[in-house]
A.B. asks: 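Got a structure for you, questions after.
Chain identifiers are assigned alphabetically (A, B, ...) following the order of the sequence lines, protein sequences preceding nucleic acid strands; residue numbering begins at 1 within each chain. The figures here come from the full heavy-atom set of this structure, side chains too, leaving out hydrogens, waters and symmetry mates.
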Amino acid sequence: MGDNYEVIGKSVPRIDGVAKATGRAKYTGDLKFPNMLVGKILHSPHAHARILNIDTSEAEKLPGVKAVITHRDVPSTKYGLSPARWDETIFCIDKVRFVGDKVAAVAAVDEETAYKALKLIKVDYEVLPAVFDPYEALKEGAPQIFEEYPGNVNTEIHQHFGDVDKAFEEAYHVRRDFFSGQRTYHSPLEPHASIAFWEGDKVTIYCSTQSVHYLQYHLARVFGMPMGNIRVLKTHVGGGFGGKIDPTGLDFSAVKLSQITGRPVKMLFDRKEMFYNNRGRHAQYMELTTGVTKEGKILGVHANFVMDGGAYTGLGVASAYYAGALLTVLYDFDNYKFDMVRAVTNLPGCGAQRGHGQPQPRFAFESHLDHIAEDLGIDPLEIRIINARKPKTVTINDFRVDSYALKEALEKAREISGWRDKKGKLPPGRGIGVGNGGFVSGAGYPCYRTDLPQAVAIIKVHDDGSMATLYTGAVEIGQGSDTVLLQMAAEAMGYPLEKMRIVASDTDLATHDFGAYASRQTLMSGWAVKKAGEEIKDKILKTAAEMMLVVPEQLDVKQGIVFLKAHPEESLTFEEVARTYFVKYGQLIGQGSYKPPKLGGTFKGAAVGTSPAYSAATQVAEVEIDEETGEIKVIEAWDVHDCGMVINPALLHAQVHGAFYMGMGESIWEEVLFDENGDVANGNLAEYRMPTALDMPPVTSELVDSIDPNAPWGVKEVGEGATTPTMACLANAIYDAMGVRIESLPLTYEKVWRALKEKREKEKEKA
Amino acid sequence: MYLPDFEYYAPATLSEACDLLEKLGPEAKVFAGGTDVLSKMKQELLFPKAIVSLKNLGGLSEIRLGNNNDVIIGAKATHNNLIDSPVLQEKYPSLCNAARQMANNQVRNIGTVGGNIVNAVPSADLPPLLIALGAKIKLVGATGERVLPLEDFFTGPNKSVIEQDEILTEFIIEEQPFTGSTYIKFALRRSGALAVASVAAAVAMEGNVCRKARIVLGAVAPTPLRAKKAEEMLTGKEITDELLEEAGSAASKESKPISDIRGSEEYRRDLVRVLTGRALRKAINEGHV
Ligand SMILES: Cc1cc2nc3c(=O)[nH]c(=O)nc-3n(C[C@H](O)[C@H](O)[C@H](O)COP(=O)(O)OP(=O)(O)OC[C@H]3O[C@@H](n4cnc5c(N)ncnc54)[C@H](O)[C@@H]3O)c2cc1C
């Protein structure tokens, strides 16, 4: 791949690599401004309580404290990332709804004073009964958390396509299984941070965010300001994974505190506060019923799910829809029913985390499918090949899937993992498993209803042509988007990458873009960049044609040389042509904008899951289990991806490694735990156990050829899709190793130990 | 998280340090590597009025051979000092391996052996093997010093017999008849995780007969715990697979684990059974590893 291209398809080093590796890169928390204050938020100690009174007078008296704010000082406008359920306010007004809820904030001359001031704020609470389990929350008589969600039902979904009951009647075999997932948290290395300062009626916010646009939009809405008076920008961001897409209390508080004090205010979460802010993965409870033919062809599926949303909704309605919507993509079947109840509980609010709503259902479905294969006596990899979706098809819920190479991915994974030599032939305690996944390459519609384009890009060539700057609103959060978009710009322009600069994610200086979520930037921001580059190329060729007395069609430009296609030795440099353009016509600028065509059906919730293109992935993993202690060792993993044309193979494979790493953590180790009061019990990196380098197995990441017609150069996503098969492939490998199924994530050592113990006891009973 | 206010002292001599500790009273805290003290202070679990740092006290981080081939380990030796010590690599590589299983490299660079002991947390990694090897500790106070077996030091979680004015200065491992020793830590990931259960074993073998055995359990009782019944079962016996299994079961019965977020009581008890067998087998077959 990439042979016909000059800049894309090549593993150029990431442009921020040296700065990050040498520690020179500055993150938001590193920034300092003259006169800057430090702000902190006061969090609720109760999971559910009425606020009777807040007394800030003692805190205000503490020397060094410059401002103390509560709900009385800020708008009571409700917000949330998705307008379907605006239910959060900057500070709690009448009630707190989880341990960690936002009650007040202070700004002081330093962090220590700010912390001390928090202790001096007196809040009288009337403690209310709380509920931490979604099933308990849905029971009659459970404590009501929100007036607007009677029975604690936040979202209810009932979709039915085709006729599932009929499919089950006609099926050779119908199987029902139940699985559950756990709460996990993104745990980006860099904690959330926000710095705000005002000049006149304009405010600037530096934020560690995945979307400068959404933050600008929500700040404008809540504070009743024109968007133009709010500038959001960022420096380097140390990871997001979905946890930095929602506006946080830091952003709102910093803006207000700096307005009151007239000084810059910096605010950071500590690690535990990050767990309070959460927006991590929902715990889902998943019942699946599937009918198949004797040969293993899926006829119909019924997904009946419950999810724990925690206190505030954020993007949670979309998570609920995603959980069911994307189950239809991988395998082709004509009958599908999806029922979902998203309950609110007195725990931190959940949201989007790498794979958004989908990884746990994939874990459930892929585990379920392995059971079905076993019931039918079919190889698990084979049953997936039998059902794999074909390209140029439409799912039962109206998603158009053009390129799709899942079958090829499965076949290649079978080859490179040595599946045939291993499946059923490994020694005791060893197992191999397969799981499939994939994702949207950008959500078809933005988070709020708007007719804005998805992405806009501008390229400005410097007066003398010696450099060019790409302006984009796409957000580099560590995934490499700045590098990839520059590669795309250089390719489209016919210009050398080394001469390009980027100004990104700054609502004043750069361009509009919705940001880094839903795996959208390579495709969507990439479209805008490609069009901007092509406009430059057009202008260069026209100007060169004038200079060379030929027609533009006779010319091409590559790597900064404009040449006659028939006689490449007859050439001009890009620089001299660009300079001529500048002298004759003014600044050489190219602009591109991208908006997908109308996608999806018309039923309720039809928009969620739509996308111009869908990736597909197969993962195979081999594990070893210590049958006495339950310890799991992941020995090796293989990922084969259909992600369309690859712009930067090194960055792509790094995404696969990172995604597998993250999925592996969620499979075996990671779970947010709570004490009996609903407080996070392991809100630190010692007890919220993400895997370490020593836990990571060798990962082979390979590709299958695929070019999507709806994407610039045929690209698709990789960042999230590669996390979606992992839990299932490990669960299936663990099942293969021990012969009993653990139905709940994470598949901890203790659960493995217990399952094996019970298995042995049963065998003894029989004997 | 921030550090509460405190006074800071860094005395130049041991006697000065002990006098200070006596004078300042119970609100003063000794500070070695600080990996435990600082994090507890930041979490508001500990509010010492004064910190007495050991950093200026010379000679307390040496690891050397003393009289009669005793191994002397200075209390300020870091975990990485243990790992890198030629003396330990020669005499008790098992101690190097135990230290290597701790925390992460950053913590191993500043965390000290003394801190790991005086901290007195049930899951600490060094006490089990040190006790198994019969280590003694020297405590120096304002009015004198005493030497006692490490085994007698712990009285409960975060509790020990140390007096307010006392500083742990060194460990003494006298020449022992042991032919093998080892420490097995069971944790929930390969690095940076505290023990769910751990077992140290030291054995003196003569051919296939066990002359003496010590088994010390970690993270499964309020203090490191010697599994004495299991030890007795082995003493003077020919080693067989069945005997090792029985010893494991006995140790498991002797353990007193609790359930917490790292594991249930039942799980820990069974881990003790498995790990005891494994540790004994390793010490018997592989020497000090
Ligand atoms: C990220 C992390 C991971 C960790 N992982 C592990 C692990 O895997 N296994 C493990 O066992 N521990 C672990 N720990 C705990 C800790 O690092 C170790 O126990 C370490 O050995 C403590 O030594 P220190 O010198 O830092 O102690 P300090 O924090 O300085 O002191 C600890 C206690 O001992 C007292 N003290 C210290 N030295 C003396 C002395 N010479 N005389 C009298 N009193 C003294 C102090 O007053 C304090 O009460 C970890 C800690 C962290 C932060």
A.B. asks: Can a donor-acceptor pair be found, under 3.5 Å and without considering hydrogens, that links the side chain of A/Trp669 to the backbone of B/Leu188?
C.D. replies: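 Yes.
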A.B. asks: Could you grab the distance from atom CZ of B/Phe186 to atom OH of A/Tyr749, nearest 0.5 Å is fine?
C.D. replies: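 Nearest 0.5 Å value for the CZ-OH distance: 6.5 Å.
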A.B. asks: At a 4.5 Å cut-off on heavy atoms, which part of A/Leu685 comes close to chain B: side chain, backbone, both, or neither?
C.D. replies: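 Interface part for A/Leu685: backbone (N, CA, C, O).
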A.B. asks: Given heavy-atom pairs under 4.5 angstrom as the criterion, report whether the side chain, backbone, both or neither of B/Gln43 touches chain A.
C.D. replies: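 Looking at B/Gln43, nothing touches chain A.
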A.B. asks: Are the side chains of A/Glu750 and B/Ser264 in touch, meaning some heavy atoms are under 4.5 Å apart?
C.D. replies: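 A/Glu750 vs B/Ser264: side chains touch.
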A.B. asks: Which answer fits A/Asn684, side chain, backbone, both or neither, if we ask what part of it has an atom under 4.5 Å from a heavy atom of chain B?
C.D. replies: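 For A/Asn684, no heavy atom lies under 4.5 Å from chain B.
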A.B. asks: Under 4.5 Å heavy-atom distance to chain B, tell me which part of A/Glu687 shows up: side chain, backbone, both or neither.
C.D. replies: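 For A/Glu687, the side chain is the part near chain B, not the backbone.
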A.B. asks: Would you compute the distance between atom CZ of B/Arg262 and atom CG of A/Leu673 and round it to the nearest 0.5 angstrom?
C.D. replies: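 One finds 11.5 Å between CZ of B/Arg262 and CG of A/Leu673.
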A.B. asks: Drop me the distance from A/Lys633's NZ to B/Arg190's CZ, to the nearest 0.5 angstrom.
C.D. replies: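 Answer for the NZ-CZ pair, A/Lys633 versus B/Arg190, is 5.5 Å.
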A.B. asks: State, with a plain yes or no, whether a side-chain heavy atom of B/Arg189 is found less than 4.5 Å away from one of A/Glu631.
C.D. replies: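 No - every pair of side-chain heavy atoms lies 4.5 Å or more apart.
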A.B. asks: I would like to know whether B/Asp5 and A/Lys116 meet side chain to side chain contact (heavy atoms under 4.5 Å, CB included); could you show each step before the answer?
C.D. replies: CA-CA 11 Å; B/Asp5 297 332; A/Lys116 286 180 176 161; 3.2 Å; yes
A.B. asks: Considering only heavy atoms, which portion of A/Arg271 lies under 4.5 Å from any heavy atom of chain B: side chain, backbone, both, or neither?
C.D. replies: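 For A/Arg271, neither part sits under 4.5 Å from chain B.
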A.B. asks: Which one wins on heavy-atom pair count under 4.5 Å against chain B: A/Lys119, A/Glu273, A/Glu111?
C.D. replies: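 Most heavy-atom pairs under 4.5 Å with chain B: A/Lys119.
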A.B. asks: What part of B/Leu194 gets closer than 4.5 Å to chain A, counting heavy atoms only: side chain, backbone, both or neither?
C.D. replies: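 The answer is the side chain of B/Leu194.
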A.B. asks: Mind ranking B/Ile261, B/Leu3, B/Leu271 by heavy-atom pairs under 4.5 Å with chain A and telling me who comes out on top?
C.D. replies: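 Between B/Ile261, B/Leu3, B/Leu271, the count favours B/Ile261.
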A.B. asks: Kindly check if the number of other-residue, nucleotide or ligand heavy atoms within 6.0 Å of CG (B/Leu45) is above 12?
C.D. replies: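 Yes, enclosed.
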A.B. asks: In terms of heavy-atom pairs under 4.5 Å, which option from A/Asp695, A/Asp675, A/Leu694 contacts chain B the most?
C.D. replies: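 Greatest number of close heavy-atom pairs with chain B: A/Asp695.
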A.B. asks: Closest heavy-atom contact between A/Glu628 and B/Asp270?
C.D. replies: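 Taking A/Glu628 first and B/Asp270 second, the nearest heavy atoms are O-OD2, 4.2 Å.
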A.B. asks: A/Lys757 versus chain B, heavy atoms under 4.5 Å apart: side chain, backbone, both or neither?
C.D. replies: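 Contact with chain B: side chain only.
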A.B. asks: Would you call the rings of B/Tyr2 and A/Tyr115 parallel, tilted or perpendicular if under 30° counts as parallel and over 60° as perpendicular?
C.D. replies: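 The rings of B/Tyr2 and A/Tyr115 lie parallel, inter-plane angle below 30°.
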A.B. asks: Tell me whether B/Lys253 at atom NZ has more than 12 heavy atoms from other residues, nucleotides or ligands lying less than 6.0 Å away.
C.D. replies: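 Open.
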A.B. asks: Is it true that atom NZ of B/Lys229 has more than 12 heavy atoms of other residues, nucleotides or ligands lying nearer than 6.0 Å?
C.D. replies: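 Atom NZ in B/Lys229 is not packed in, count stays at 12 or less.
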